[in-house]
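To find a chain, count down the sequence lines: A is the first, B the second, and so on, and within it residues start at 1.
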Amino acid sequence: MNVITRFAPSPTGYLHIGGARTAIFNYLFAKKHSGKYLVRIEDTDKKRSSEKAIKAIHKGLNWLKVNSEYKIIYQSQNFNSHIKVAYELLEKGFAYKCFLNSDELEKLRIKSRENGIPIKSPWRNKKEQGKNQNKEFVIRLKMPSNGTTTIDDIVQGKVTVKNEILDDMVILRSDNTPTYMLSSVVDDNNMKITHIIRGDDHFNNAFRQIQIIKYLDWNIPYYAHIPLIHGTDGTKLSKRHGATSLFDYHNLGYTSEAMFSYLLQLGWSTKNDQDYFMDRATKLFALEKVNKSPAKFDLKKLNHINAKILNNMNVNDVYKLVIDKFKLSLSNEEQKRFKSLLPELVKRVQVYTDLEDEFDWLFQKNFFCKDKNFQSQLQKHNLMLKEIGSRLQKCEWTIESIKNCLNQYILQNSLTFKVIGPILRMALTGKTNSPDLVSIIYELGCTITANRLNYEY
RNA sequence: GGUCCCUUCGUCUAAUGGUUAGGACUCAGCCCUUUCACGGCUGCAAUAGGGGUUCGAAUCCCCUAGGGAUCACCA
C-alpha cells in the first residue's frame with residue numbers, strides 16, 4: 001500500500017505539544033512505510049484562524065523537523081468542493097435542509113440531552129420546505145437510524161457503536177460554509193489519505209464522519225486514534241500545567257531532539273529501548289505498539305533526556321544554541337574559552353539556558369566576586385591569593401605546569417587542595433562550585449587569573 | 001447524565017497463561033572526587049478492588065470503583 005498520512009492542525013493558536021506528538025506519529029508512520037506525510041491547515045473557521053497561528057505551527061514543525069516536504073494544503077481553498085459534496089448528499093437524500101432557528105435548536109438540544117438521545121431535527125422527515133424557501137437553513141447529514149457502525153482502530157481496537165446514538169450533524173452552515181466534519185472527510189478523500197492518525201478526542205467523530213464516506217461509497221481509511229497527553233493531575237493538558245506550546249520549550253532551553261524523543265516515548269515504546277532519535281524511530285515505529293491510555297507529561301523525564309542529549313551533542317552545536325539564544329558576541333579568545341569549558345559546563349545543566357549563570361565569570365571584564373557572604377573569607381586569604389597569583393604569572397601556561405604550581409604551593413605551606421580550592425574558586429568564579437579549577441585557570445589565561453587573584457576585597 | 005475509552009512502582013513503560021513482575025525518570029544511600037556535576041553501584045517502590053475460568057492469571061470473562069474523551073452552525 002502507498003501510505004499517505006496527514007497532520008491537520010487548526011490555526012487558532014500556537015502548536016501545542018499534543019499536536020506536536022500527533023505530527024510526530026504521522027510523520028514517523030509515513031516514513032516507516034516509505035509513504036507521504038502531508039500537512040493540511042484546517043482553517044474552515046475563518047473567525048478563529050489567523051496568519052500568525054499558521055506561522056507558529058510551521059515554526060514548531062520545522063523546529064521538530066517534522067514538517068511536510070510537500071505543498072501545504074489550506075482547507076479553506078477547497079471550500080467549493082466541500083459545498084458541492086454537501087449538495088450532492090442533499091440530492092441523494094442522505095442529507096436535508098434544517099430551518100431551525102437558534103431558539104428552537106436550543107430547546108431541542110436541552111430535550112435531547114435530558115432524554116439521552118442525539119439531535120435529530122424535525123426537518124429530517126419533512127418532504128418540502130415550501131414557504132421556508134427564503135429562510136436561512138443548514139444542511140444536516142441524515143444519520144442511519146438503526147444498525148451499528150464498527151471501526152477497527154489501529155490503536156483503540158475494534159469498537160462498535162449503535163447508529164441511533166449518532167446525531168444529524170451540520171455539514172453546511174447557514175452562511176454556506178462547510179463545517180470541519182464535512183471538510184475534513186472530503187479533503188482526506190481528495191488527498192487519498194490512507195491512515196488517519198489523530199488525537200482520540202476525535203474518536204467519536206470518526207463514527208459520524210464515516211457515514212459520509214459510506215454514503216458516497218468512498219474508500220474508508222485506516223484510523224488510529226492516539227491517546228491525549230495529560231498533565232500531572234491526570235486531566236487534559238492545559239495552560240495551568242505550565243507551558244503547552246511546543247515552542248515554549250525551545251525558549252526554555254530544550255533541544256528539539258529531546259522534545260522529539262520524549263514526546264514519542266509518551267505512549268509508545270519498543271521493549272526497553274529508551275531513547276528514540278529520528279533515524280532509529282523511523283525504522284522501529286509501529287502504531288500497533290501505541291498505548292491506549294493517556295500519558296502524563298513529566299518535566300523531570302524531559303529534563304533528563306535533554307541533559308543527556310546536550311551532553312552527547314557536538315560542542316559547536318551547543319555553542320551555537322547558546323550564542324543564538326543569548327545573542328552573545330564574543331571575541332575570538334572568549335569563544336575559545338567558552339568552547340573549551342563548554343563540555344564541563346553542560347554536565348551541570350539540564351537546559352542550555354541555565355548556562356546564562358556562567359556568563360559573568362566567563363566573560364565579564366574586571367570580574368570580582370560580588371557575593372557578600374564570601375567577602376570576609378576573601379579578605380582573610382588575600383595574601384594567599386596574591387601569592388598564588390604571582391606564582392602563576394611565572395608559570396609556563398600549560399595544564400600540567402599550572403597543576404604543579406598549585407601543588408607546590410600546597411606542599412610548601414603544608415596545606416591541602418581542600419583548603420585553597422574553595423577560596424580560589426570564589427575569587428575566580430564567584431561561586432562555590434564550578435568545573436575543575438586547573439582547567440578554569442588555564443582557560444581564563446594568565447592575565448585574567450592574576451587580576452582576579454590580586455583584587456582587593 | 002448518554003455514548004465510547006482507559007487502569008502495572010509517584011511518572012513513562014516491559015512482560016501477548018508459567019518471570020524472584022524487568023527497565024527508565026524521580027527519590028535515598030554508597031563509590032569516584034579540589035567543589036558542583038558527570039559516571040558507577042545499591043536500595044525504596046506497582047499489577048485499582050472483588051468474583052470467576054484454569055494445574056497455573058498482570059495477561060481471558062463478569063461486577064464494582066476510579067479516571068479520561070465526547071455530546072456546537074469549534075476543530
Quick one: does Ser174(A) reach the base of C73(B) with a side-chain donor-acceptor pair under 3.5 Å?
yes
In chain order, what residues pass the side chain to side chain donor-acceptor pair (under 3.5 Å) check against Gln77(A), with sequence neighbours excluded?
none
Phosphate oxygens OP1/OP2 of A15(B): is one of them under 4.0 Å from a side-chain N or O of Lys289(A)?
yes
If the cut-off is 4.0 Å, is Arg140(A) near the phosphate of C73(B), judged by side-chain N/O to OP1 or OP2?
yes
Of Phe297(A), Tyr14(A), Tyr262(A), the one forming a ring pair (Phe, Tyr, Trp, His ring centres under 6.0 Å) with Tyr249(A) is Phe297(A)
Go through the side-chain N and O atoms of Asp43(A) and Ser76(A) and say whether any donor and acceptor fall under 3.5 Å apart.
yes
Taking salt bridge (charged side-chain N to carboxylate O under 4.0 Å, His left out) as the cut-off, I'd like each qualifying pair that reaches into residues 147-158 of chain A, sequence neighbours left out, listed once.
none
Begin with the C-alpha distance, continue with both residues' side-chain angles, and end with the deciding distance and a verdict on salt bridge (charged side-chain N to carboxylate O under 4.0 Å, His left out) for Lys347(A) and Glu344(A).
CA-CA 5 Å; Lys347(A) 281 183 188 168; Glu344(A) 277 301 310; 3.0 Å; yes
If the cut-off is 4.0 Å, is Arg109(A) near the phosphate of C73(B), judged by side-chain N/O to OP1 or OP2?
yes
Please say whether more than 12 non-hydrogen atoms of neighbouring residues, nucleotides or ligands are located less than 6.0 Å from NZ in Lys59(A).
no
Distances for protein N or O near nucleotides 3-9 of chain B N or O, under 3.5 Å:
{"unit_1": "C5(B)", "atom_1": "O2'", "unit_2": "Gln156(A)", "atom_2": "OE1", "d": "3.3"}
{"unit_1": "C6(B)", "atom_1": "OP1", "unit_2": "Lys292(A)", "atom_2": "NZ", "d": "2.2"}

Return each pair, listed once, that meets salt bridge (charged side-chain N to carboxylate O under 4.0 Å, His left out) where at least one residue sits in residues 220-235 of chain A; pairs must be two or more places apart or across chains.
Asp233(A)-Arg240(A)
In Watson-Crick or G-U wobble terms, with both distances under 3.5 Å, the base opposite C55(B) is G18(B)
Please enumerate all residues that pass side chain to side chain donor-acceptor pair (under 3.5 Å) together with Asn382(A), with sequence neighbours excluded.
Glu456(A)
Asn291(A) vs A14(B): side-chain N/O to OP1/OP2 distance below 4.0 Å:
yes
Checking base pairs now: Watson-Crick or wobble, both atom distances under 3.5 Å. What partners G43(B)?
C27(B)
Interface polar pairs with nucleotides 25-28 of chain B, N/O, under 3.5 angstrom:
{"unit_1": "C25(B)", "atom_1": "OP1", "unit_2": "His304(A)", "atom_2": "NE2", "d": "3.2"}
{"unit_1": "U26(B)", "atom_1": "O2'", "unit_2": "Lys300(A)", "atom_2": "NZ", "d": "3.4"}

May I ask you to say whether Arg109(A) pairs ionically with Glu106(A), meaning some side-chain N is under 4.0 Å from a carboxylate O?
yes
Nucleic acid contacts of residues 53-61 of chain A, taken as heavy-atom distances under 4.0 Å to RNA chain B:
none
Hey, what are the protein-to-nucleotides 59-65 of chain B N/O distances that come in under 3.5 Å?
none

Base paired to G66(B) (Watson-Crick or G-U; both N/O distances under 3.5 angstrom)
C6(B)
With sequence neighbours excluded, what pairs up with His82(A) under the ring pair (Phe, Tyr, Trp, His ring centres under 6.0 Å) test?
none
Looking at Arg40(A) and Asp188(A), does any basic side-chain N land under 4.0 Å from a carboxylate oxygen?
yes
Could you tell me whether Phe29(A) and Tyr37(A) have their ring centroids closer than 6.0 angstrom?
no
What N/O pairs connect the protein and nucleotides 47-49 of chain B at under 3.5 Å? Give each pair on its own line.
none

Can you tell me the pairing partner of C71(B) across any strand shown, Watson-Crick or G-U wobble, with both distances under 3.5 angstrom?
G1(B)
Residues at least two apart in sequence or cross-chain that pass ring pair (Phe, Tyr, Trp, His ring centres under 6.0 Å) with Phe374(A), listed by chain then number, are none
Only pairs at least two apart or in different chains count here, so list each ring-ring contact (aromatic ring centres under 6.0 Å, His included) that has a residue in residues 151-187 of chain A.
Tyr180(A)-His202(A)
Both distances under 3.5 Å, Watson-Crick or G-U wobble: report the partner of C38(B), or none.
none
Any side-chain heavy atom of Leu378(A) sitting closer than 4.5 Å to one from Phe368(A)?
no
Please determine whether a side-chain nitrogen of the Lys or Arg among Glu51(A) and Lys55(A) lies less than 4.0 Å from a carboxylate oxygen of the Asp or Glu.
no
Asp201(A) (side chain) and A75(B) (base): donor-acceptor pair under 3.5 Å
no
